[in-house]
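Values below: every heavy atom of this structure, side chains too, minus hydrogens, waters and symmetry copies. Note that this is a predicted model, so its numbers are computed, not measured.
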Amino acid sequence: MINNIIKILKDAGVKKWKLIEKGVKSKELFFVKNDLDMNRAKDVVKYQLTVYKDFKDGGKNYMGSSTILIHPTMSEKEMKEKVSKAVFAAGFVKNEPYPLAVATEKDLKKPSDAFDKLNDIVDAIFTPSIPDSWLNSVEVFLNGENVRILNSNGLDVSFNKNRLEIEFITNSKGEKEEIELYWDLKTSDLSPDGISSKVLDALNVTVDRAFAKPTPKIKSIPVIFDEDGTKEILSYYVEKASALNVYEHMSNAKIGEKIQGNFTGSPLTLSIDPYIDDSYYSQPFDEDGLALNKVKVIDNGTLVSYWGNIRFSHYLKVKPTGSLTNFVVEGGEKTMDDLRKDKYIELKTFSDFQVNALTGDFGGEIRLGWYHDGEKKIPITGGSVSGNVKEIQESFELSKETVKDENYFGPKALKAYGVKIAGVK
């Protein structure tokens, strides 16, 4: 199939191109409580082809591009027609020229055979048990991906990876009503202990949510964000350092500046890393076929490097790092016990929590948290939290303890001052 596509490109006179072959083998299991209700499997191959066209307009050089999907069932005539339309479309896209990736040697990590572990994964999901909470339904999606990337520069790289996603609903009966919470676990870690730990944490959180009291109205109190909120707040700095966002003027961050301001709290040190061991997104090459390596982006509060793909890094005249999605943040000096001294509100989960990458504004509805009044710790729910990253960054404190959560490896918690809590009682 690949040879046929390359021949069609040559016959069409296409000099610049990139082809991604992705083979996906998957198993999908659907449970009602712990009874298997449905079992599906698939084994498919897809081809994503990008053609590039150099042209001039008004005396200026451009390199247009157009991306199409090619299916193995297509006839040669259908493929030729698609390629022809893509070449035509590329002539209307006025991108500044940029180079394509060249071949680079890289040591690859070979993942284990995921499908041999499927039964262990299922057992790990249903092993945790506590009296007052239970699994209502579970959906398991296990993918084994084989990826090959080729281009007109002679690049030809391949790698494999596993992707496990577990969606599940937990229930618990409180004093007045039964509640349910939705969870989505994405990982490449197939170890039973790690999966059971996540499920057990979800069951315990569900019990607290069932007996939670309305969030009190408090004018001023330190707020501790657990891993979900911490990850989202710190991802603001990942977006600020993106070559794409800098080029498109969505970020004004400059290399060498104190991106965290004149901090008195925890200094921020952040790296982009292609491999976090259990990350759903880890891979050795980006979609251009560029070999990926760990890159320090922020060092002790100062921006030291942008990160980005070949195109936008070339536009900014900086070395491309590739389109990495995993980020690592160094832990702080204070333990969770240190952060939990005196009065505070700790926020565990949200109905929705978002950070505006352009302005730094953040906010979300509180699904579950705990209010510590100095003597006792009370589970709370309802109301909302809001603030701005730029207003809390100089004084926020990062926990010494770290966690791995999808594409994030960093502090388990962030303690912020000056955050607004809109209580309901």
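No donor-acceptor pair closer than 3.5 Å links the side chain of Ser305 to the backbone N or O of Val297. Judged by distance alone, the side chain of Ser84 and the main-chain N or O of Lys80 form no donor-acceptor pair under 3.5 Å.
The structure places NZ of Lys412 at 11.0 Å from CD1 of Ile224, a figure rounded to the nearest 0.5 Å. From Tyr280, atom OH reaches atom NZ of Lys161 across 9.0 Å, with rounding to the nearest 0.5 Å. The CZ atom of Arg367 sits 10.5 Å away from atom CZ of Phe350, with the distance rounded to the nearest 0.5 Å. The CG atom of Asp226 lies 9.0 Å from the OG atom of Ser399; values are rounded to the nearest 0.5 Å. We find the CH2-CD1 distance between Trp17 and Ile5 to be 9.0 Å, quoted to the nearest 0.5 Å. A distance of 10.5 Å separates OG in Ser384 from NZ in Lys420, rounded to the nearest 0.5 Å.
Looking only at atom types and distance, the side chain of Trp134 has no donor-acceptor partner in the side chain of Thr170 under 3.5 Å away. Of the N and O atoms on the side chains of Lys25 and Asn146, not one donor lies less than 3.5 Å from an acceptor on the other residue. Remark: the Asn356 side chain and the Gln354 side chain contain no N/O donor-acceptor pair separated by less than 3.5 Å. Between Tyr237 and Gln393, the side chains place a donor N or O and an acceptor N or O closer than 3.5 Å (distance only, hydrogens not considered). In this model, a donor atom of one side chain and an acceptor atom of the other lie less than 3.5 Å apart for Glu167 and Tyr182. If you check the side chains of Thr335 and Asp338, you find a donor sitting under 3.5 Å from an acceptor. Checking Asn151 against Lys16 by side-chain atom types alone, no donor-acceptor pair falls below 3.5 Å. Side-chain atoms of Ser282 and Asn326 include a donor-acceptor pair closer than 3.5 Å. Side chain to side chain, Asp361 and Thr359 meet the donor-acceptor criterion of an N or O pair below 3.5 Å.
Counted within 6.0 Å of CD on Glu365, heavy atoms from surrounding residues, nucleotides or ligands total 12 or fewer; the atom is thus considered open. Environment of NZ in Lys377: crowded, with over 12 heavy atoms of neighbouring residues, nucleotides or ligands closer than 6.0 Å. Residue Asp184 places its CG atom among more than 12 non-hydrogen atoms of other residues, nucleotides or ligands, all under 6.0 Å distant. Atom CD of Glu81 has more than 12 neighbouring heavy atoms from other residues, nucleotides or ligands inside a 6.0 Å radius. Other residues, nucleotides and ligands contribute only 12 or fewer heavy atoms inside 6.0 Å of the NZ atom of Lys400. Within a 6.0 Å sphere centred on CD of Glu333, heavy atoms belonging to other residues, nucleotides or ligands number 12 at most. For Lys186, the NZ atom is densely surrounded, since the number of other residues' heavy atoms within 6.0 Å is greater than 12. Within a 6.0 Å sphere centred on CZ of Phe55, other residues, nucleotides and ligands contribute more than 12 heavy atoms.
Judged by the 6.0 Å distance and 45° axis criteria, Lys231 is not positioned over the aromatic ring of Tyr408.
For Phe396 and Phe263, the distance between ring centers is not under 6.0 angstrom. Note: Phe126 and Phe168 fail the aromatic proximity criterion, with ring centroids not under 6.0 Å apart.
Taking the six-membered ring for Trp and thresholds of 30 and 60 degrees, Phe312 and Tyr247 have ring planes inclined between 30 and 60 degrees apart.
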> Yes or no on side chain to side chain donor-acceptor pair (under 3.5 Å) for Thr50 and Thr67, after CA distance, side-chain angles and deciding distance?
Replying inline: CA-CA 4 Å; Thr50 302; Thr67 300; 2.9 Å; yes
>> Assess the residue pair Lys348 and Asp201 against the criterion (salt bridge (Lys or Arg N to Asp or Glu O under 4.0 Å)); give the C-alpha distance rounded to whole Å, side-chain angles, the decisive distance to 0.1 Å, and a yes or no.
In response: CA-CA 11 Å; Lys348 175 68 176 179; Asp201 182 56; 3.4 Å; yes
> Going through the distances and angles, do Gln283 and Tyr275 end up as a side chain to side chain donor-acceptor pair (under 3.5 Å)?
Replying inline: CA-CA 7 Å; Gln283 58 189 60; Tyr275 271 108; over 6 Å; no
> When you look at Arg311 and Tyr315, which way does the side chain to side chain donor-acceptor pair (under 3.5 Å) test go after all the steps?
Replying inline: CA-CA 6 Å; Arg311 177 185 171 190; Tyr315 291 167; 3.3 Å; yes
>> Pair Glu28, Arg40 - check salt bridge (Lys or Arg N to Asp or Glu O under 4.0 Å), show working.
In response: CA-CA 5 Å; Glu28 301 175 358; Arg40 295 194 306 217; 2.8 Å; yes
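The two atoms that bring Phe225 and Thr230 nearest to each other are O-OG1, 2.8 Å, heavy atoms only.
Here Arg148 pairs with Asp156 in a salt bridge; the nearest charged N to carboxylate O distance falls below 4.0 Å. Salt-bridge annotation for Glu178 and Lys173: absent, with no side-chain N of the basic residue lying under 4.0 Å from a carboxylate O of the acidic one.
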